[in-house]
Amino acid sequence: MTGLYSSTRRTITHLRRYRHIMAVLMKYGFEEVAGILARRLKIGLGSKGLPTTASQSLAQTSLAQRIRMAMEELGPTFIKLGQLLSTRPDLLPVEYIEELEHLQDQVTPEKIEVIRLQIQHQLKASPEELFASFSPNSIAAASIAQVHRACTKDGQEVVLKIRRPHIVKTMHTELEILEDLAGLVKKRRLFPETINPVKMVQEFSQAVAKEADLANERRNQQRFIRNFADDPTVHVPRVFTEYSSEGLLTMEYIDGIKPNQIDKLKEAGLDTKEIARRGADFVLKQVFEFGFFHTDPHPGNFLVMADNVLAPLDFGQVGRLTQRDRMLLQYLVLAIVNGDADKIVNGLERAEVLEDETDTVELTRDLEELLSSYANLPIKDIPFREALSRVFDIIRLHHIAPPRDFTLMLKCLMTIESFAMALDSEFQIIENLKPYARRFSMEEVSPTRLFRQMRTVARGAGSLATRLPEDASAILTKFRRGKFKVHIHHEHLEELEQTLDNSSNRISFSVIIAALLVGSSLLVAQDGTVLGLITLEALGIVGYLTATAIGIWLVISIIRSRKY
């Protein structure tokens with residue numbers, strides 16, 4: 001009851017935003033989804049004044065384009081959702097991924113007075129008190145934060161990444177709406193069972209919360225600084241902790257050139273081929289050596305300094321790989337190079353990402369067909385991005401659910417390949433990737449690692465042998481006392497409970513209607529009054545009217561429920 005009250009109150013609070021969402025959905029041709037949402041709101045709130053579809057301009061746009069345009073119009077939170085989905089080729093086909101990658105997170109900067117107050121709130125002092133100079137003009141503005149230049153009192157050039165005031169509260173409200181929409185979509189089963197929209201929104205909420213926490217970004221950046229401290233090809237901007245907080249991040253100002261500004265790079269005497277190679281090594285080192293990686297290495301998140309040194313930016317979103325994730329990547333890469341489909345299937349089985357119903361014979365056949373198309377090509381000519389895209393098509397076809405960070409890592413590799421090929425048309429990431437995979441394979445069978453694994457296994461076996469008699473005794477004791485319990489989880493039990501609850505409510509109302517009709521029939525035939533105020537006959541007529549009203553309401557609710 002409490003959950004129902006909370007959900008209803010939340011829906012009422014967000015009604016205006018819901019109406020805007022429905023208007024945008026209808027504008028871009030998603031009338032069915034808007035209609036489902038409208039019917040849901042109509043149950044308790046009505047839906048007068050819903051906008052009509054402006055479909056004449058949609059004829060020449062694809063479904064993927066319309067989704068991207070709708071997300072842009074719906075604002076920052078939905079743009080962030082689209083950007084998150086663009087990193088999940090295991091969920092969406094390539095045409096949707098490529099379209100969502102075009103989502104622009106450029107918004108109007110906050111007024112400088114607002115920014116000054118935010119700095120005062122975060123650092124307990126005005127920018128004039130803290131810095132020798134502070135620029136009132138932003139050099140970048142996105143939905144979560146905007147960036148201003150400043151100079152410390154000891155002459156250090158810095159940039160301040162300042163979180164927009166109230167953005168956390170705004171996004172929290174938007175995420176509540178997304179959660180409601182995801183629940184509605186799941187209930188209607190508009191997506192395949194392998195796609196859980198509620199889980200996706202929950203993952204998205206966690207990702208946005210991390211990105212909005214600039215203290216989390218500061219910690220990520222400091223870890224990158226440590227990881228690349230001895231690498232002369234990469235310079236991670238220094239963090240100024242004393243000028244940083246949860247809502248503000250101050251870092252070293254980097255004077256560099258964007259990697260996609262090819263002409264400027266050449267004018268500065270920089271080597272585009274070397275930059276491409278370093279960009280790939282930057283990502284591969286994160287994946288294979290650190291297991292901690294930047295999830296979005298597109299050109300906008302880098303600057304190139306003198307001597308072809310790469311300066312990565314924006315560490316709000318990072319991924320973490322387990323040893324098993326890296327082993328799965330090794331299987332995948334070596335299988336593509338060697339044309340071995342069984343190795344991919346074995347890797348997926350070892351990573352425990354195959355469902356019980358997955359047909360491994362069909363899966364192997366599809367993978368063999370894919371690999372055969374690259375069998376006669378030299379390694380340098382294997383189109384890695386295309387090969388991975390086709391692997392993701394097979395993953396979706398066979399309902400395989402790889403770990404989220406593993407998927408982000410593969411998308412990261414696809415992104416850095418595009419980054420590098422824009423700088424060097426002959427670049428092939430698989431040439432750079434293969435040595436890392438082979439090195440990782442050698443590490444797996446190194447004497448030191450094997451000894452460590454044997455020691456871990458022996459310790460685990462000893463612990464199991466020690467606990468086994470005690471655990472067995474505890475189980476037998478519970479059996480004897482009749483206290484042994486087995487917990488069973490049914491996937492759709494909540495829906496069954498809701499159905500039974502609705503059915504019992506309707507039966508109860510039917511009994512009430514029947515009782516009112518019988519009681520009213522008895523009263524109408526009687527003479528007399530109740531407390532001298534109303535006749536029994538009139539009371540019986542009131543009972544008839546009440547029964548009629550409840551009956552009409554019951555019929556309407558049954559008809560509406562069949563539309564869901």
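Values below: all heavy atoms of this structure, side chains included; hydrogens, waters and symmetry mates excluded. Throughout, numbering of the chain's residues begins at 1 and tracks the sequence.
Between F228 and F290, the distance separating the two ring centers is shorter than 6.0 angstrom. The aromatic ring centroids of F315 and H294 lie less than 6.0 Å from each other.
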Which is it for K80 and I144 under the side-chain contact (heavy atoms from CB on, under 4.5 Å) test, yes or no, and what are the steps along the way? CA-CA 10 Å; K80 287 291 179 187; I144 291 179; 3.9 Å; yes
Check against side chain to side chain donor-acceptor pair (under 3.5 Å), S245 and R218: CA-CA 9 Å; S245 67; R218 181 180 76 245; over 6 Å; no
Using side chain to side chain donor-acceptor pair (under 3.5 Å), reason through H298 and E101 one step at a time and then give a plain yes or no. CA-CA 10 Å; H298 66 77; E101 285 176 339; over 6 Å; no
Working for side chain to side chain donor-acceptor pair (under 3.5 Å), residues H398 and D359: CA-CA 8 Å; H398 291 275; D359 188 337; over 6 Å; no
Derivation of the side-chain contact (heavy atoms from CB on, under 4.5 Å) call for F427 and N432: CA-CA 9 Å; F427 180 86; N432 295 65; 3.6 Å; yes
Assess the residue pair L371 and D340 against the criterion (side-chain contact (heavy atoms from CB on, under 4.5 Å)); give the C-alpha distance rounded to whole Å, side-chain angles, the decisive distance to 0.1 Å, and a yes or no. CA-CA 7 Å; L371 295 174; D340 187 350; 5.6 Å; no
Dump the intermediate steps for side-chain contact (heavy atoms from CB on, under 4.5 Å) on R277 and K273, then the final yes or no. CA-CA 6 Å; R277 186 186 65 79; K273 290 188 176 183; over 6 Å; no
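Side chains of K27 and E73 form a contact here, defined as non-hydrogen atoms less than 4.5 Å apart. Using a 4.5 Å heavy-atom cutoff, the side chains of V234 and D281 are not in contact. M409 has its side chain out of reach of D405: every pair of non-hydrogen atoms, C-beta onward, lies at least 4.5 Å apart. V283 has its side chain within reach of C412: a pair of non-hydrogen atoms, C-beta onward, lies under 4.5 Å apart. Considering only heavy atoms from C-beta on, S244 stays 4.5 Å or farther from L214 through its side chain. In this structure, the side chains of L363 and L348 come closer than 4.5 Å at one or more pairs of heavy atoms. In this structure the side chain of V287 never reaches within 4.5 angstrom of the side chain of F292, judged on heavy atoms. Considering only heavy atoms from C-beta on, L249 comes within 4.5 Å of M251 through its side chain.
In this structure, OG1 on T87 lies 8.0 Å from CG on D296, to the nearest 0.5 angstrom. In this structure, the separation between CG on N220 and CD1 on I225 is 11.0 Å, given to the nearest 0.5 Å. Y253 OH to L303 CG: the interatomic distance, rounded to the nearest 0.5 Å, is 8.5 Å. To the nearest 0.5 angstrom, I275 atom CD1 is 7.0 Å from D271 atom CG. One distance of note links CD1 of I167 with CD of E211; it measures 10.5 Å at 0.5 Å rounding. A distance of 11.5 Å separates CE of M71 from CD of E99, quoted to the nearest 0.5 Å.
The main-chain N or O of M421 is never found under 3.5 Å from a side-chain atom of S425 such that the two would form a donor-acceptor pair. Side-chain atoms of D213 do not come within 3.5 Å of backbone N or O of A209 as any donor-acceptor pair. Under the 3.5 Å distance criterion, the side-chain polar atoms of E289 are left unmatched by any main-chain donor or acceptor of Q286. Within the 3.5 Å criterion, the main-chain N or O of A141 finds no donor-acceptor partner in the side chain of S138. Side-chain atoms of R278 come within 3.5 Å of backbone atoms of N308 as a donor-acceptor pair (strictly under, hydrogens ignored).
A salt bridge links D231 to K285: at least one charged side-chain nitrogen sits closer than 4.0 Å to a carboxylate oxygen. With respect to the salt-bridge test (charged N to carboxylate O, under 4.0 angstrom), the residues E203 and R88 qualify. Classification of R68 and E98 as a salt-bridged pair fails, no side-chain N sitting under 4.0 Å from a carboxylate O. Remark: E267 does not engage K264 in a salt bridge, criterion side-chain N to carboxylate O under 4.0 Å. Checked for salt-bridge contact, E368 and R365 miss the test: no charged N lies under 4.0 Å from a carboxylate O.
Remark: the R164 side chain and the S143 side chain contain no N/O donor-acceptor pair separated by less than 3.5 Å. For the residue pair Q146 and H148, a side-chain donor N or O sits within less than 3.5 Å of a side-chain acceptor on the partner.
No option in Q317, K210, K161, Q222 other than K161 meets the side chain to side chain donor-acceptor pair (under 3.5 Å) test with E217.
The heavy-atom pair separating T272 from L423 by the smallest distance is OG1-O, 3.3 Å. The shortest heavy-atom contact between L313 and P237 is CD2-CG, 4.0 Å. Of all the heavy atoms in V309 and P232, the pair that sits closest is CG2-O, 3.6 Å. Closest of all the heavy-atom pairs between L74 and E174 is O-OE2, 4.1 Å. Closest of all the heavy-atom pairs between K411 and I97 is CE-CG2, 3.7 Å. Among all heavy-atom pairs drawn from A268 and I257, the shortest one is CB-CD1, 3.9 Å.
Taking a 6.0 Å sphere around CD of E95, one finds it holds more than 12 heavy atoms contributed by other residues, nucleotides or ligands.
Taking the ring axis of F240 as reference, the NZ or CZ atom of R238 stays within 45° of it and closer than 6.0 Å to the ring centre.
Using cut-offs of 30° and 60° for the angle between ring planes, the F302 and F419 rings count as tilted.
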